[in-house]
Student: 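Starting off with a structure, shown below.
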Amino acid sequence: MTLSLNIGNLFNDSSSHALVDELRKRTSEEEMLDFEEKFNCKNEKNLHIYICRFLKNRSISRGLASKWLLTIIKNKESKIDNLQKIR
């Protein structure tokens, strides 16, 4: 199955179900961060916004959402730390 990553302003059921399926498929941090990078490049809103919406609407489990959000946040903090060390 091919997922069109450009779900943009259209947040319909089939797009959201496909995205949730994609989130469930990724298990390693590397896969998750790679997917996040590709998703964010092709969509108006970043992946973490969709994950938070899914969590609010109870479309995904708290465990899956926390796994993704912690991975994304840890990656961003790591990038910030590396930039601060360069200065």
Side-chain angles (χ1 to χ4, degrees):
M1 175 183 169
T2 302
L3 171 67
S4 172
L5 296 177
N6 190 7
I7 58 179
N9 292 330
L10 300 175
F11 202 70
N12 60 36
D13 284 343
S14 62
S15 296
S16 62
H17 290 304
L19 180 53
V20 170
D21 288 343
E22 290 298 316
L23 296 176
R24 288 183 181 133
K25 273 197 252 183
R26 270 80 180 166
T27 55
S28 73
E29 285 188 13
E30 185 177 301
E31 289 176 317
M32 294 164 77
L33 294 173
D34 184 52
F35 180 78
E36 181 213 7
E37 183 179 334
K38 290 176 184 173
F39 184 90
N40 290 347
C41 287
K42 296 183 179 187
N43 290 280
E44 289 180 23
K45 295 187 172 120
N46 289 336
L47 182 59
H48 69 273
I49 299 294
Y50 290 99
I51 293 171
C52 291
R53 284 184 184 172
F54 291 150
L55 190 57
K56 180 183 173 203
N57 296 331
R58 299 178 185 216
S59 302
I60 59 173
S61 70
R62 294 176 294 193
L64 180 61
S66 66
K67 180 176 155 183
W68 273 88
L69 293 173
L70 286 172
T71 301
I72 291 169
I73 291 168
K74 187 170 84 172
N75 182 54
K76 301 298 182 216
E77 287 176 345
S78 176
K79 287 181 179 179
I80 291 169
D81 289 344
N82 289 337
L83 287 173
Q84 289 177 339
K85 289 178 185 176
I86 293 173
R87 290 182 171 196

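None of these values were measured; they are calculated from a predicted model.
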Student: Would you say Asp21 and Arg24 make side-chain contact, with heavy atoms under 4.5 Å?
Tutor: yes
Student: Starting from Phe35, can I reach Leu33 by hopping between I/L/V/M/F/W/Y residues whose side chains sit under 4.5 Å apart?
Tutor: no
Student: Is the shortest side-chain heavy-atom distance between Ile72 and Asn46 below 4.5 Å?
Tutor: no
Student: For Glu31, give me all partners under salt bridge (charged side-chain N to carboxylate O under 4.0 Å, His left out), at least two apart in sequence or on another chain.
Tutor: none
Student: Are any side-chain N or O atoms of Trp68 and backbone N or O atoms of Leu23, one a donor and one an acceptor, separated by less than 3.5 Å?
Tutor: yes
Student: Once rounded to the nearest 0.5 Å, what's the spacing between atom CD1 of Ile73 and atom OG of Ser78?
Tutor: 13.5 Å
Student: Assess the residue pair Leu19 and Leu47 against the criterion (side chain to side chain contact (heavy atoms under 4.5 Å, CB included)); give the C-alpha distance rounded to whole Å, side-chain angles, the decisive distance to 0.1 Å, and a yes or no.
Tutor: CA-CA 10 Å; Leu19 180 53; Leu47 182 59; 4.1 Å; yes
Student: Do you know the tightest heavy-atom contact between Leu69 and His48?
Tutor: CD2-CB, 3.9 Å
Student: Any chance you could measure Leu70, atom CG, to Glu29, atom CD, to the nearest 0.5 Å?
Tutor: 9.5 Å
Student: Looking only at atom types and distance, does a side-chain atom of Asn75 sit under 3.5 Å from a main-chain N or O of Thr71, one as donor and one as acceptor?
Tutor: no
Student: Salt-bridge test for Glu77 and Lys74: reply yes if a basic N is under 4.0 Å from a carboxylate O, no otherwise.
Tutor: no
Student: For the atom pair SG (Cys52) and CD1 (Ile60), what is the distance rounded to the nearest 0.5 Å?
Tutor: 8.5 Å
Student: How long is the gap from CZ on Phe54 to CD1 on Ile49, to the nearest 0.5 Å?
Tutor: 12.0 Å
Student: To the nearest 0.5 Å, what is the distance between CZ (Phe39) and CD1 (Ile51)?
Tutor: 8.5 Å
Student: Check this for me: does any side-chain nitrogen of one of Asp34 and Lys38 sit under 4.0 Å from a carboxylate oxygen of the other?
Tutor: yes
Student: Considering all heavy atoms of both residues, which atom of Ala65 and which atom of Leu55 are nearest to each other, and what is their separation?
Tutor: CB-CD1, 3.7 Å
Student: Taking all non-hydrogen atoms of both residues into account, name the closest pair between Lys67 and Met32 and its distance.
Tutor: O-CE, 3.6 Å
Student: Less than 4.5 Å apart, any side-chain heavy atom of Lys45 and any of Arg53?
Tutor: yes
